[in-house]
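Proteins come first, then strands; the chains are lettered A, B, ... in the order of their sequence lines, and each starts at number 1.
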Amino acid sequence: MEGTAAPMSAEPQTGVVDMMLNMGPQHPATHGVFRMVLSIDGERVVGVRPHIGYLHRGSEKLSEHESYGQVITLFDRLDYVSNLNNELVFARAAEELMGVEAPERAQYIRTILCELNRVASHLLFIGTYALDVGAMTPVMYTFRERERVQNLFEHVTGARMMHNYFRIGGVKEDVPGDFAERVRSVVRHLREGVEETDRLLTFNEVYLARTRGVGVISAADAVSCGLTGPCLRGSGVAYDVRKAYPYEVYDRLEFDVPVGEFGDCWDRYWVRLQECYESLRMTEQALEQMPDGLVMAPGRRIARPPKGEAYAHAENPRGDIGVFLVSDGTDKPYRVKVRPPSFCNLVGLERMMDGAYVADAVAILGSLDIVLGEVDR
Amino acid sequence: MISGLLGLLTTLRWLFRKPVTAHYPKQHLPVQERYMGFPALLWDDTAAEPFCTGCMVCVRECPTQCMSAQMHDNPKFASGESHRRKIIQTFEINLNRCILCGICVDVCAFDAIEMSYEHELSSFSRTGARADLGLLLELGGRYTETTQWQATNPEKNVASVALAKRAAAKTQAGEAEGKA
């Protein structure tokens, strides 16, 4: 930690010791089991030390004992609010390894579902983040809207959350006949719902007071901390994997990458809110373009990739998720390494919290939108 | 101030609408057509036996190893009532371990297992979550009834169709032999 790094309060120079405040692992604002130890000087936070591992389930190691098809069920459970995005990145890594490509229709289906999943995930963030900073109402609205997406997923995949729908080389089965109508109706309702939440929350004075200028991280710092996703774009860096390294059918869709201005909590919230609109736009475009055809690449049902390694990454609602996959030629992966965006975004926590009020600690942590299933794996 | 009033207006609009909440234990929302509940075994009416031959592929492919199965020789095969040489003897699913992923249905080549709509199977007994063959077939029966289930590959898996096909093939072969 050199250069712009804020000095930690490790060495008391004048014989004054900072107060330590333990927060978590069971704290409603940590959205899971996350513990951080804050060093406090009066009302200011001067240091923060995150402690992770309370939700460690050994997913990476478990993957080495499961066949490729079974690993997808584990990826569902990494980031458990954007399950389909996780499935997608593993399926893509395995496809790269095997040299197969999903048929076009399957790619469109995946894109549509992933974008809807992104909206659902961001809606969950908006609702719970508003709750964190003291607004009780928006969570009711966002959960109501999120339910529409969950119902659609149940209709398409058979499960509300742990779908196990994407396969290596396509999707499990074709979408039901009324898919297009249902997606259109969901998108219409979601747009209204997001607009409503927007009206309710975005420029509310109390909300602005709690989030504007809080947890600021500069663009340079955000890049050097390795932040990705809305946390990075909130600081004004327009990096989006969907634009920078287009996968699936994103190169055929027209969308903007919303960026923030100051890198504070409000900007990170605003970026997510705008991404909801963009995702809905993309969903509609993809639905228009979706061709007929196969949904699964022809070939063997049991995946047995040749020896080698592959890396695939994708834009999750939380950032750039990467999967590094090593195969030894058997039907089980030799090594699965996940680069979870929530975990990497936690690196920025220290800089954001430096000098903030204790009361804002919750607001700053919430604005990172971490999911502990993914942080601990 | 203005934004606060705008927010109040938004909430006020919803004050006079119908609630979207369903009160769960009293009110059940219908499940979707593709809903994946607990796995269930299916019953072949035409031979009065389960479809399952106990080939163990679902047991092997299950990510959580929640199943166990044993097969034995099918007595109905000897008497010519069924085309299945082997038939399932015991089958147990630990529903506590099952993660409802549907992989067992994907890999089954005998149309023997389906994800039923059952999702409320809590019981007061400690072993209540261990579904044996009888319970699994009962769940499957309820599933086939509600969905008008049809085998995806009847020629191979439904006993009457498969036997008829075999008999036809035999007579054809016999005729060919007679001609020769």
Side-chain angles (χ1 to χ4, degrees), chain A residues 62-63 65-67 69-74 76-77 130 135-138 140-141 143-145 147-148 150-165 167 172-178 182 189 193 195-208 296 301-302 331, chain B residues 1-15 17-22 24 27-40 57-67 97-109 113-119 143 147 152:
Chain A
L62 272 175
S63 306
H65 299 275
E66 308 271 20
S67 69
Q70 295 170 343
V71 173
I72 294 179
T73 61
L74 289 169
D76 266 332
R77 287 157 177 79
M136 298 292 176
T137 318
M140 308 291 170
Y141 290 79
F143 265 70
R144 185 194 65 216
E145 298 308 321
E147 202 64 18
R148 296 185 206 281
Q150 305 284 338
N151 279 338
L152 177 80
F153 285 167
E154 189 186 329
H155 182 60
V156 175
T157 70
R160 285 164 49 84
M161 286 182 81
M162 306 305 167
H163 312 285
N164 190 24
Y165 183 65
R167 292 282 185 273
K172 182 174 149 193
E173 56 189 328
D174 204 351
V175 289
D178 57 349
R182 286 202 54 158
H189 281 113
E195 274 166 8
E196 198 170 36
T197 316
D198 198 353
R199 273 205 302 279
L200 202 58
L201 193 62
T202 309
F203 291 105
N204 185 294
E205 277 92 357
V206 185
Y207 185 68
L208 280 171
M296 188 77 188
R301 289 177 75 185
I302 307 282
D331 62 343
Chain B
M1 192 65 202
I2 297 161
S3 66
L5 288 176
L6 204 71
L8 271 180
L9 204 70
T10 312
T11 44
L12 203 66
R13 290 226 320 267
W14 280 92
L15 195 64
R17 294 189 202 177
K18 264 168 81 180
V20 291
T21 327
Y24 165 60
Q27 191 188 350
H28 291 245
L29 293 176
V31 294
Q32 310 274 354
E33 196 192 324
R34 283 185 180 182
Y35 179 76
M36 294 197 290
F38 288 116
V57 67
C58 53
V59 177
R60 277 200 310 274
E61 287 295 322
C62 177
T64 57
Q65 290 97 44
C66 72
M67 301 173 165
R97 296 197 72 160
C98 178
I99 57 169
L100 313 180
C101 62
I103 286 180
C104 45
V105 181
D106 275 2
V107 295
C108 186
I113 195 164
E114 275 288 346
M115 301 306 270
S116 69
Y117 290 157
E118 305 292 333
H119 53 282
Y143 178 77
T147 55
T152 46

Arg77(A): salt bridge (charged side-chain N to carboxylate O under 4.0 Å, His left out) partners, not counting sequence neighbours: none
Pairing residues for Thr157(A) by the side chain to side chain donor-acceptor pair (under 3.5 Å) criterion, not counting sequence neighbours: His163(A)
Non-hydrogen side-chain atoms of Ile103(B) and Gln70(A) separated by less than 4.5 Å: yes
Part of Tyr141(A) within contact of chain B (heavy atom distance under 4.5 Å): side chain
Residue part contacting chain B, namely of Arg144(A), when any heavy atom lies under 4.5 Å: side chain
Validation row, ring centre Tyr35(B) to ring centre His155(A) under 6.0 Å: no
Atom group of Pro176(A) that falls short of 4.5 Å from chain B, counting heavy atoms: both
Best-contacting candidate, Leu74(A), Val71(A), Asn204(A), against chain B by heavy atom pairs under 4.5 angstrom: Asn204(A)
Interchain contact, Glu66(A) with chain B, by part (heavy-atom threshold 4.5 Å): side chain
Leu6(B) versus chain A, the contacting section by heavy-atom distance below 4.5 Å: side chain
Portion of Asp76(A) that has a non-hydrogen atom of chain B nearer than 4.5 angstrom: neither
Test item: Val31(B) and Glu154(A) side chains (from C-beta on) under 4.5 Å apart, heavy atoms: yes
More than 12 heavy atoms from other groups under 6.0 Å of CD on Glu33(B): no
